[in-house]
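Reading through the structure tokens given below for one structure.
Side-chain atoms are counted along with the backbone in the values below, which use heavy atoms only and exclude waters and symmetry mates.
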Amino acid sequence: MAYIIKPLVTEKMNAISEKQNNKFGFIVLPSANKIEIKKEIEAKYNVNVVSVNTMNYAGKRKSRYTKAGVIKGRTKAFKKAIVTLKEGETIDLYSNI
């Protein structure tokens, strides 16, 4: 089963990756655990994973004003995984573009 939804490419994650060349972020399924994430990263990208840190983010309530009035909604909840690779290894996230 695919537990990885997509790589996390944000300014904050790029700053972490530049500071420590062996850390990468991914959005994963909320049901995935660290062992499953580690196995899938190793199989998909052919690297050795040292550790996996996960964080759960709750969805936030949002509202905006439009011509039709106030529209209320909610952002999605998601789980983020920060993967630390073995020294000297890296993942090229931009190779598929």
(message) Through direct or indirect side-chain contacts below 4.5 angstrom among Ile, Leu, Val, Met, Phe, Trp and Tyr, which residues connect to I71?
(response) none
(message) For I37 versus A81, what's the shortest heavy-atom pair and its separation?
(response) CD1-CB, 4.1 Å
(request) Run through K19, M13, Q20 and flag the one making a side chain to side chain contact (heavy atoms under 4.5 Å, CB included) with S17. (result) M13
(request) Please collect all side chain to side chain donor-acceptor pair (under 3.5 Å) contacts where either partner lies in residues 56-78, sequence neighbours excluded, each pair once. (result) Y57-K80
(message) For the CZ atom of F26 and the CD1 atom of I41, what is their distance to the nearest 0.5 Å?
(response) 3.5 Å
(request) To the nearest 0.5 angstrom, please state how far the NZ atom of K34 sits from the NZ atom of K39. (result) 15.5 Å
(message) I'd like to check the ring-ring contact (aromatic ring centres under 6.0 Å, His included) partners of F24; sequence neighbours left out, ordered by chain and number.
(response) none
(message) My understanding is that only residues two or more places apart in sequence, or in another chain, count here; which of them pass side-chain contact (heavy atoms from CB on, under 4.5 Å) with I27?
(response) I5, K6, L8, F78
(message) If the condition is side-chain contact (heavy atoms from CB on, under 4.5 Å), which residues does N21 pass it with, not counting sequence neighbours?
(response) none
(message) With heavy-atom distances below 4.5 Å as the criterion, would you say the side chains of N33 and E36 are in contact?
(response) yes
(message) Is there a path of hydrophobic side-chain contacts, each under 4.5 Å between heavy atoms, that joins I16 and M55?
(response) yes
Tell me which donor-acceptor pairs under 3.5 Å the side chains of residues 44-54 have, and how far apart each pair is, sequence neighbours excluded?
residue, atom, partner, partner atom, Å
N48, ND2, E89, OE2, 3.3
S51, OG, T84, OG1, 3.4

(message) E87: which residues meet the side-chain hydrogen bond (donor to acceptor under 3.5 Å, both in side chains) condition with it, sequence neighbours left out?
(response) N22
